[in-house]
Protein chains: 2
Amino acid sequence: MVVFLARGFERASIDELSEATGVVRQSLYHTFGDKRTLFLKALDQYGYTRFQWLIDELGRDRPVMESIRAVLNGWADGVSKSGFKGCLVCNSLIEFADQDKEVAAICDKHNGRIEKAFRDAIARGKERGELAASIDERAVAEFFANLGQGLALQGRRGIQRQKAAEICAVAEAVLAG
Amino acid sequence: MVVFLARGFERASIDELSEATGVVRQSLYHTFGDKRTLFLKALDQYGYTRFQWLIDELGRDRPVMESIRAVLNGWADGVSKSGFKGCLVCNSLIEFADQDKEVAAICDKHNGRIEKAFRDAIARGKERGELAASIDERAVAEFFANLGQGLALQGRRGIQRQKAAEICAVAEAVLAG
DNA sequence: TCAATTTTAGAATGTATAGTCTAGAACTAT
DNA sequence: ATAGTTCTAGACTATACATTCTAAAATTGA
């Protein structure tokens with residue numbers, strides 16, 4: 001939900017959520033029980049919808065470097081777009097840390113999905129001889145996921161497109177060797 | 001302050017802050033005026049003390065790759081340490097985004113200090129011929145700062161030392177070419 | 001010593017907001 | 001149509017917490 005993304009769990013009031021969704025407060029309680037449960041649903045759904053483009057790009061049948069570049073471009077564009085409010089998964093990780101196991105588990109799940117998409121793409125690139133066999137796809141996938149989290153963090157404050165693109169260009173070099 | 005780091009601004013109550021610092025509530029108000037002002041001081045002081053080791057490491061007179069490796073090692077150790085609660089600058093960036101200009105300015109300042117430390121170290125490495133002249137020290141410095149932010153984010157949730165070290169090892173490769 | 005100042009503990013105030021309750025309106029199915 | 005159900009608006013309750021107030025205790029300075 002847009003409100004959770006912009007304001008975080010704590011600061012998002014039920015009235016704001018109600019107004020933003022057009023669902024009256026009583027119905028929110030009827031459907032979800034309480035604010036936290038609503039948040040868990042919103043967070044999980046966010047994870048599935050928001051990262052689909054990335055999983056699709058990395059899954060495409062084409063040279064893996066093209067896929068990676070597409071994702072890096074998408075990130076550079078996305079995080080520097082005016083009005084970008086960060087990533088709900090990253091934001092929630094910070095807001096809840098490990099104080100809420102369910103929130104943490106959902107964040108882990110989606111982070112894992114992203115890492116897996118990179119890992120599979122890189123492994124495929126190795127098989128096809130597009131990437132050096134010496135590359136550790138797990139480590140590189142973790143690296144790229146971490147890169148995205150850093151960008152999402154900086155993007156929440158506001159980051160210039162050029163700066164984001166520079167960072168991505170540097171990161172891309174880890175696959176060049 | 002430890003309390004702001006662990007719980008964030010919103011969730012940290014004056015009573016907790018009072019207890020943690022050993023300063024009675026009324027004195028906090030007398031000294032700082034209000035909670036936000038106290039937070040601004042704490043955040044700024046945190047930035048100066050917490051990153052000093054990094055600036056020192058990068059400023060040392062030795063091969064620049066050694067300095068960079070020292071920082072990456074420090075990060076891998078630090079963020080995976082049990083009880084690591086993230087970085088107050090990163091956390092605050094997420095909690096306040098750009099809703100509080102003063103908070104954002106303090107975060108920018110300290111992030112800039114980190115980028116500058118990397119930039120200077122890399123520039124020195126280029127001068128000495130330790131690094132390729134083709135390297136863009138600004139972009140690489142931004143890249144490493146971003147890396148640290150990503151690690152701090154993941155560390156707040158809890159990250160295995162090995163995973164953090166793998167990510168750092170991959171990142172180090174951007175200077176290898 | 002003792003008046004002036006500062007510090008302290010805890011009560012009081014005000015506000016925000018999560019969650020519940022109520023009574024009426026709208027809808028559904030027979 | 002009408003009994004039963006669901007939805008809605010808004011009042012109500014309970015709680016948490018920032019901030020202020022108060023009066024007693026501790027400290028200071030002449």
Side-chain angles (χ1 to χ4, degrees), chain A residues 1-47 85-86 88-107 156, chain B residues 1-47 85-86 88-107 156:
Chain A
M1 306 261 190
V2 173
V3 178
F4 281 134
L5 181 57
R7 297 179 49 74
F9 174 80
E10 195 76 40
R11 291 169 129 109
S13 76
I14 298 286
D15 285 341
E16 280 174 300
L17 294 164
S18 173
E19 176 151 7
T21 56
V23 178
V24 87
R25 184 185 12 199
Q26 199 61 245
S27 299
L28 289 179
Y29 279 105
H30 181 257
T31 309
F32 299 103
D34 61 10
K35 186 183 172 188
R36 176 174 165 278
T37 305
L38 164 60
F39 176 75
L40 292 175
K41 296 273 191 209
L43 173 60
D44 199 34
Q45 189 186 322
Y46 174 94
K85 289 297 177 191
L88 188 55
V89 172
C90 296
N91 297 355
S92 302
L93 223 41
I94 292 223
E95 185 166 1
F96 291 94
D98 50 359
Q99 287 176 19
D100 187 315
K101 296 298 176 203
E102 277 189 83
V103 170
I106 293 171
C107 292
R156 180 154 169 89
Chain B
M1 309 261 191
V2 174
V3 179
F4 281 134
L5 182 57
R7 298 180 47 74
F9 174 80
E10 195 77 40
R11 292 170 128 111
S13 75
I14 297 287
D15 284 342
E16 280 175 299
L17 293 165
S18 173
E19 175 150 7
T21 56
V23 178
V24 86
R25 183 184 14 195
Q26 198 62 244
S27 299
L28 288 179
Y29 277 103
H30 181 257
T31 309
F32 298 103
D34 62 10
K35 186 183 172 188
R36 177 174 165 278
T37 305
L38 164 61
F39 176 75
L40 291 175
K41 297 271 191 210
L43 173 61
D44 199 34
Q45 189 186 323
Y46 174 94
K85 289 298 179 191
L88 187 55
V89 172
C90 296
N91 297 356
S92 302
L93 223 40
I94 292 220
E95 185 167 1
F96 290 94
D98 50 359
Q99 287 177 18
D100 188 316
K101 296 298 175 201
E102 278 189 82
V103 171
I106 294 171
C107 293
R156 180 154 169 90

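Naming convention: chains lettered A, B, ... in sequence-line order (proteins, then strands); numbering from 1 in each chain.
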Protein and nucleotides 26-29 of chain C: nitrogen or oxygen contacts under 3.5 angstrom:
none

What is the distance from CD of A/Glu10 to P of C/dA16, rounded to the nearest Å?
15 Å
Taking the side chain as every heavy atom from C-beta outward, state whether B/Cys107 and B/Val103 have any pair of such atoms under 4.5 Å apart.
yes
Roughly how many Å is it from CD1 in A/Ile14 to C1' in C/dT17, rounded to a whole number?
9 Å
Rounded to whole Å, the CZ-P distance (A/Phe9 to C/dT17) equals 13 Å
Counting distance only, does the side-chain N/O of A/Arg156 pair as donor-acceptor with the main-chain N or O of A/Ala6 below 3.5 Å?
yes
Rounded distance in Å - CG (B/Asp15) to P (C/dA11):
12 Å
Tell me the interatomic distance from B/Glu16, atom CD, to D/dC17, atom P, rounded to whole angstroms.
7 Å
If you take atom types as modelled and just measure distance, does the side chain of A/Arg25 reach the base of D/dT8 with a donor-acceptor pair under 3.5 Å?
no
Which nucleotide wins on minimum distance to the side chain of A/Asp34, given the candidates C/dT17, C/dG19, D/dC17?
C/dG19
Could you give the CZ-to-C1' distance, from A/Arg7 to C/dT17, as a whole number of Å?
12 Å
For the CD atom on A/Gln45, are there more than 12 heavy atoms of other groups (residues, nucleotides or ligands in this structure) within a distance under 6.0 Å?
no
What protein N or O atoms touch nucleotides 5-8 of chain C N or O atoms at under 3.5 angstrom, if any, and at what distances?
unit_1 : atom_1 : unit_2  : atom_2 : d
C/dT8  : OP2    : B/Ser27 : OG     : 2.9

Measure from OH on A/Tyr29 to P on D/dA9 and round the result to the nearest Å.
16 Å
Mind checking whether B/Phe4 and B/Leu43 have side chains closer than 4.5 Å, heavy atoms only?
no
A/Leu28 atom CG is separated from C/dT20 atom C1', nearest whole Å, by 14 Å
Taking all non-hydrogen atoms of both residues, which atom of B/Val23 and which atom of B/Leu28 are closest, and how far apart?
CG1-CD2, 3.9 Å
Taking the six-membered ring of B/Phe39, is the NZ or CZ of B/Arg7 close enough (under 6.0 Å from the centre) and on axis enough (within 45°)?
no
Examine distances only and state if a side-chain atom of A/Lys35 and a backbone atom of A/Ala12 form a donor-acceptor pair shorter than 3.5 Å.
yes
Does atom CD of B/Glu19 have more than 12 heavy-atom neighbours, drawn from other residues, nucleotides or ligands, at distances under 6.0 Å?
no
Distance-only polar pair, side chains of A/Thr37 and A/Asp34, donor-acceptor under 3.5 Å:
yes
